[in-house]
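To start, the structure itself, in structure tokens.
To find a chain, count down the sequence lines: A is the first, B the second, and so on, and within it residues start at 1.
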Amino acid sequence: MIEKNYQPADIEGRMSRIWEESGAFRAGRPERRDAKPFTIVIPPPNVTGSLHMGHALNNTLQDILCRLERMRGRDVLWQPGTDHAGIATQMVVERQLMERQEPGRRDMGRARFLERVWQWKAESGGVIVNQLKRLGASCDWSRERFTMDEGLSRAVIKVFVELHREGLIYKDKRLVNWDPKLLTAISDLEVQQVEVKGSLWYLRYPLEGKTFNPDDPSTFIVVATTRPETMLGDSAVAVHPEDERYAHLVGKHVILPLVGRKVPIVADEYSDPEKGSGAVKVTPAHDFNDFDVGRRHNLPQISVLDQEGRLALVDNEDYLRGLPEGSMQLAEELHGVDRFAARKHILARLEDFGFLERVEPNTHMVPHGDRSGVIIEPYLTDQWYVDAKTMAQPAIAAVRSGATSFVPKNWEKTYFEWMENIQPWCISRQLWWGHQIPAWYGPDGKVFVAETEEEAVSNALGYYAEQEVITPEQGREMALDPAKRAGFITRDEDVLDTWFSSALWPFSTLGWPDDDKDVKRYYPTDVLVTGFDIIFFWVARMMMMGIHFMQKERPAAPLEKVVPFPTVYIHALVRDEKGAKMSKSKGNVIDPLHLIDDYGADALRFTLAAMAAQGRDIKLAPQRVEGYRNFATKLWNACRFAEMNACVLPSGFDPTQVNETLNRWIAHETALATREVTEAIEAYRFNDAAGSIYRFVWNVYCDWYLELAKPVLMGEDSAAKSETRAMVAWARDEILKLLHPFMPFITEELWAVTAANPREDRTLLALTPWPTGEGLTDAAAEAEIGWVVDLVTAIRSVRAEMNIPPATLTPLVLAGASAETKGRAQRWNDVVKRMARLADISFADRAPEGAVQLLVRGEVATLPLKGLIDFSAERARLDKELARAEADIKRVDAKLANEKFVAN
RNA sequence: GGGCGCGUAGCUCAGCGGGAGAGCACCUCGUUGACAUCGAGGGGGUCACAGGUUCGAUCCCUGUCGCGCCCACCA
């Protein structure tokens with residue numbers, strides 16, 4: 001029995017359990033061993049995360065695809081899992097320690113801290129997984145993976161070691177984006193450029209050998225800067241080689257104000273005569289451009305900041321080098337002062353001595369850490385890099401050749417743009433939570449990279465024994481006893497960027513490198529579904545890693561068998577009402593779980609699918625969700641109606657063999673809807689698919705089929721009645737199937753409850769074959785029922801416009817009706833009379849006088865309403881109709897009169 | 001500075017070379033058992049603006065205005 005009211009919460013809980021227990025979503029089910037696989041890897045959410053609208057949309061779309069293919073008989077693997085999210089997770093646990101007033105990370109040490117993170121993960125890391133289950137995601141949860149679990153960690157280590165051996169991973173000392181709050185390097189992608197209203201300061205740098213006089217421009221050169229505090233690290237002033245204003249100064253020197261260091265004036269193309277004063281200070285250790293200028297002119301790199309962005313001057317050999325005697329005062333004064341406080345201080349001092357010429361307001365882009373929010377500091381450190389430029393080449397080729405394509409296609413442009421200008425990828429992070437880099441250092445800093453500590457140690461000890469740094473005896477002792485080699489051989493402290501492990505996701509989750517069975521069966525995956533915000537972070541890197549490593553597995557295979565996915569479906573971003581990206585920090589997040597609580601997961605899913613038009617972002621209106629909850633209720637009640645009328649599907653029922661026109665019509669319409677829904681999903685037009693099934697259920701099945709079936713179901717014709725009962729049930733079942741990918745819970749529930757015999761096991765709807773609609777098209781049935789629908793609609797419209805009370809029954813006269821129409825009118829006499837509130841239906845050669853005329857499928861139907869109608873209203877209606885008809889005629893005449901149109 | 005996209009009914013959005021659509025909101029009417037989370041009907045839009053291509057443009061092209069996003073080391 002179907003419950004009286006639709007209660008999403010009850011159903012969703014129950015169905016989740018049934019799916020879980022039945023193993024319906026398991027990949028590799030025995031009966032599908034010979035079926036073609038269909039694979040999607042989930043974009044792994046952060047373990048720290050909770051479900052937001054982006055997840056809800058992303059996973060709804062994946063689930064629609066997976067459920068469709070599962071019903072089509074494919075062996076579906078939707079691979080779930082989570083990402084360890086290095087920085088985010090470490091921050092969460094550190095915050096927790098602080099809240100509980102426990103010792104901080106550094107106090108407890110690396111090992112104990114990591115234990116705490118794992119403990120946190122065990123306790124609260126599963127939140128998002130449960131939320132995905134609430135959404136109805138039909139992942140194979142038995143195969144859930146985590147980027148830090150053992151197998152995936154082995155994949156990470158292997159990839160690192162192999163790329164290092166191939167020279168595609170290397171260590172380099174250069175400027176990185178340094179986060180002075182999190183105290184780690186971050187990649188270019190983790191830097192957000194933010195427009196900041198700042199100032200441009202024009203500074204006078206005195207020329208060597210002249211007596212500085214603020215009023216005499218010949219005694220100094222002016223440089224403009226947005227970062228005056230970095231002047232302590234200046235090692236040159238650059239002017240353009242062709243800038244005549246400064247030509248005579250090239251090769252001369254300036255004395256850095258306050259500092260006293262002598263630095264050269266160099267000619268370099270980087271300097272733009274149009275900008276600032278045309279002369280630019282060069283600070284190779286604190287600016288990416290200056291770094292390059294410095295290399296070209298062999299300038300010293302003077303780093304004047306420490307990790308936390310404070311001035312580090314005392315004990316700073318680079319800074320002190322070349323400083324004249326007795327100029328330590330400034331260093332002592334500013335040592336340990338934060339970069340922004342130092343800026344103020346330095347500006348004040350410059351002004352005191354006349355070195356500050358002027359200040360201009362200046363709006364410019366300033367790099368910020370996307371996690372910490374603080375201003376990023378270009379900082380000179382040793383870091384590990386991936387040679388992304390080399391690895392990008394095959395990944396570019398794969399998209400160029402069509403081995404992988406983006407949907408919608410225009411995202412390929414974005415992909416190419418970035419890939420063709422890709423920079424080395426900084427992969428080391430000064431964090432604890434993550435995959436520790438498998439590199440060990442000897443006493444001279446020589447690096448040994450290996451998959452295991454044993455191997456690295458053995459290599460290192462062998463090397464140092466050979467170099468006679470240690471004796472063979474010492475080597476043997478150190479090999480056996482970690483305590484003995486402590487301090488001699490040390491492991492790299494750093495961990496890898498979280499995206500490094502995510503990049504391996506399409507094959508590491510399948511068991512690579514330990515077991516190739518699933519890689520063979522399920523790789524490449526069939527489609528990747530994601531938002532455009534992580535094309536660079538994730539998609540591009542999966543392409544690089546996937547192609548590189550799977551090419552090794554399949555040396556002879558074409559690119560199509562090596563890329564991680566043939567299709568990348570890029571969906572919309574769910575934005576807030578202002579069109580801004582939803583983010584926790586902005587506090588503009590709509591919680592999908594609240595919507596699920598209020599309207600049910602099915603309603604939320606349907607809303608997202610219906611709004612997932614390609615190429616446009618979604619600004620979600622919660623009212624839409626309510627509307628689709630009503631849709632679910634409508635379906636619920638239609639099924640109750642069927643149940644109340646004893647509509648059950650007889651076994652062996654064949655919908656192509658029905659006799660009743662009405663039943664042939666609904667078969668026809670069902671086939672139409674089936675095709676529309678199937679084709680739309682296949683083309684990733686989720687909104688069209690949702691629209692088709694919505695219209696079919698509500699406006700075809702409920703509004704017309706069930707209404708027209710009512711008289712039959714209550715009538716005396718037992719043959720027609722039993723056929724119609726079967727057909728009501730059949731069409732209902734087809735609806736449940738077509739709707740299942742969108743609304744899995746309610747459809748699975750109704751499928752179970754409406755089984756012919758509830759005690760006998762009906763296969764889960766999730767595993768029931770998807771309809772094809774074959775053999776059901778029926779133009780004759782469409783013509784007949786279509787006529788009924790159009791006639792009733794037209795009459796209702798006129799009656800409403802004429803304000804004819806429902807209680808008033810009016811006659812209908814069909815003027816000059818064809819034999820066909822007469823037949824239809826006789827067959828549908830009762831139905832039309834009831835639905836259109838008619839007294840009777842009759843025929844005439846021509847329209848009676850004073851009758852309202854309606855055009856229905858090319859013939860005239862009239863309502864003799866003399867005495868009932870307001871003639872002026874009717875005249876207005878007819879005028880309007882006439883105008884429309886005349887416009888139509890004019891348009892059509894124009895077209896027909898047009899040779900070129902006729903020619904077409 | 002480059003790139004992408006958007007401006008269609010009051011709101012949120014589909015459509016995209018030949019008759020302007022949906023949901024919600026609004027108005028009118030309707031409570032005899034599927035559903036008031038409903039039913040029947042209705043009003044409402046020079047499809048941002050200006051040119052061009054075409055027999056024909058909301059749809060293609062160019063430009064303008066407005067809005068959004070992404071990328072970029074420019075003092």
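- When each of C38(B), C4(B), A14(B) is scored by its nearest atom to the side-chain atoms of Ala613(A), the top-ranked nucleotide is A14(B).
- Checking G5(B), G42(B), U37(B) against every side-chain atom of Thr633(A), the shortest atom distance belongs to U37(B).
- Nucleotide G5(B) holds its C1' atom 13 Å from the CG atom of Leu573(A), rounded to whole Å.
- Considering Phe536(A), Tyr385(A), Trp425(A) as possible partners of Ser187(A), the one that fulfils the side-chain contact (heavy atoms from CB on, under 4.5 Å) test is Trp425(A).
- With a 3.5 Å ceiling on both atom-pair distances, the Watson-Crick or G-U wobble partner of G1(B) is C71(B).
- With a 3.5 Å ceiling on both atom-pair distances, the Watson-Crick or G-U wobble partner of C11(B) is G23(B).
- Annotation: side chain to side chain contact (heavy atoms under 4.5 Å, CB included) contacts of Ala632(A) (sequence neighbours excluded): Tyr6(A), Met743(A), Ile746(A).
- U12(B) and G52(B) have their P atoms separated by 33 Å, with the value rounded to a whole Å.
- Remark: P of U37(B) and CD of Glu3(A) are 19 Å apart, rounded to the nearest angstrom.
- At the phosphate of C38(B), OP1 or OP2 sits under 4.0 Å from a side-chain N or O atom of Asn630(A).
- Rounded to whole angstrom, the span from the CZ atom of Arg837(A) across to the P atom of C29(B) amounts to 17 Å.
- Minimum atom distance to the side chain of Pro806(A) is reached by C29(B), of the listed G41(B), A34(B), C29(B).
- Residue contacts for Asp290(A): at a heavy-atom cut-off of 4.0 Å it reaches no nucleic acid atom on any strand shown.
- Whole-Å rounding puts the Ile534(A) CD1 to C70(B) P distance at 15 Å.
- Rounded to a whole angstrom, the distance from the P atom of U62(B) to that of C69(B) is 25 Å.
- No side-chain donor-acceptor contact under 3.5 Å links Asp268(A) and His240(A).
- The same atom, C1', is picked in G39(B) and in U31(B); the two are 11 Å apart, to the nearest Å.
- Backbone-only engagement by Phe536(A) is indicated by non-hydrogen atom pairs under 4.0 Å involving sugar-phosphate atoms exclusively.
- The base of A34(B) sits with one of its N or O atoms less than 3.5 Å from a complementary donor or acceptor on the side chain of Glu707(A).
- Nearer the 5' end of RNA chain B, as judged by each residue's closest nucleotide, is the contact made by Met644(A), out of Met644(A) and Val223(A).
- Across all strands shown, Thr414(A) has no heavy atoms under 4.0 Å from either base or sugar-phosphate atoms.
- On the P atoms, C13(B) is 14 Å away from G68(B), given to the nearest whole Å.
- At the heavy-atom level, Thr793(A) lies under 4.0 Å from the strands shown only through sugar-phosphate atoms.
- Using a 4.0 Å heavy-atom distance criterion, Gly278(A) is classed as a base contact.
- Taking the six-membered ring where tryptophan is involved, the planes of His571(A) and Tyr569(A) are tilted, since the angle between them lies from 30° to 60°.
- Applying the side chain to side chain donor-acceptor pair (under 3.5 Å) test to pairs two or more places apart or on separate chains, those with a residue in residues 700-715 of chain A are Asn663(A)-Tyr705(A), Asn699(A)-Asp703(A), Glu707(A)-Lys710(A).
- Of the candidates A34(B), G41(B), U37(B), A34(B) carries the atom nearest the Cys702(A) side chain, counting heavy atoms from C-beta on.
- If you check the side chains of Thr283(A) and Asp234(A), you find a donor sitting under 3.5 Å from an acceptor.
- Nucleic acid contact class of Trp698(A) (heavy atoms, under 4.0 Å, all strands): sugar-phosphate only.
- Residue-level contact check: Cys639(A) touches neither bases nor backbone, having no heavy atom under 4.0 Å from any strand.
- Here the P atom of nucleotide C70(B) and the CG atom of Asn421(A) are 18 Å apart, to the nearest Å.
- Checking C60(B) for Watson-Crick or G-U wobble geometry (two distances, each under 3.5 Å) identifies G52(B) as its partner.
- Each of Asn699(A) and Ala642(A) was matched to the nucleotide of RNA chain B holding its nearest heavy atom; the match closer to the 5' end belongs to Asn699(A).
- Nucleotides U37(B) and G21(B), compared at atom C1', are 24 Å apart to the nearest Å.
- For the pair Phe686(A)/Tyr684(A), a side-chain contact is recorded, criterion being any heavy-atom separation below 4.5 Å from C-beta on.
- When distances run from any side-chain atom of Met365(A) to the nucleotides U12(B), A72(B), A14(B), the shortest one goes to A72(B).
- Among the atoms of the strands shown, only primed sugar atoms or phosphate atoms (P, OP1, OP2) are found under 4.0 Å from some heavy atom of Lys413(A).
- Base pairing of U32(B) is not made with any nucleotide, judged by Watson-Crick or G-U wobble geometry with both donor-acceptor distances under 3.5 Å.
- Arg796(A) comes within 4.0 angstrom of the backbone, heavy atoms only, and of no base.
- Other residues, nucleotides and ligands contribute over 12 non-hydrogen atoms within 6.0 Å of the CD atom of Gln193(A).
- Heavy-atom contacts from other residues, nucleotides or ligands closer than 6.0 Å to NZ of Lys721(A) number more than 12.
- Rounded to the nearest Å, the gap between the P atom of C60(B) and that of C4(B) is 15 Å.
- As a whole-Å value, the separation of Asp533(A) CG from G3(B) P is 23 Å.
- Arg640(A) comes within 4.0 angstrom of the backbone, heavy atoms only, and of no base.
- Pairing for G43(B) is absent, judged as Watson-Crick or G-U wobble with the two contacts each under 3.5 Å.
- For Asn803(A) and C27(B), the CG to C1' distance is 12 Å, given to the nearest whole Å.
- Regarding Ile535(A), its CD1 atom lies at a distance of 13 Å from the P atom of G5(B), rounded to whole Å.
- For Lys634(A), whose side chain is taken as the heavy atoms from C-beta onward, the closest listed nucleotide among G42(B), A40(B), C38(B) is C38(B).
- Only the C1' atoms considered, G45(B) is 15 Å distant from G15(B), to the nearest whole Å.
- Across every strand in view, G66(B) sits in a pair with C6(B) that passes the Watson-Crick or G-U test at under 3.5 angstrom.
- Comparing G7(B) with C59(B), their C1' atoms sit 14 Å apart, to the nearest whole Å.
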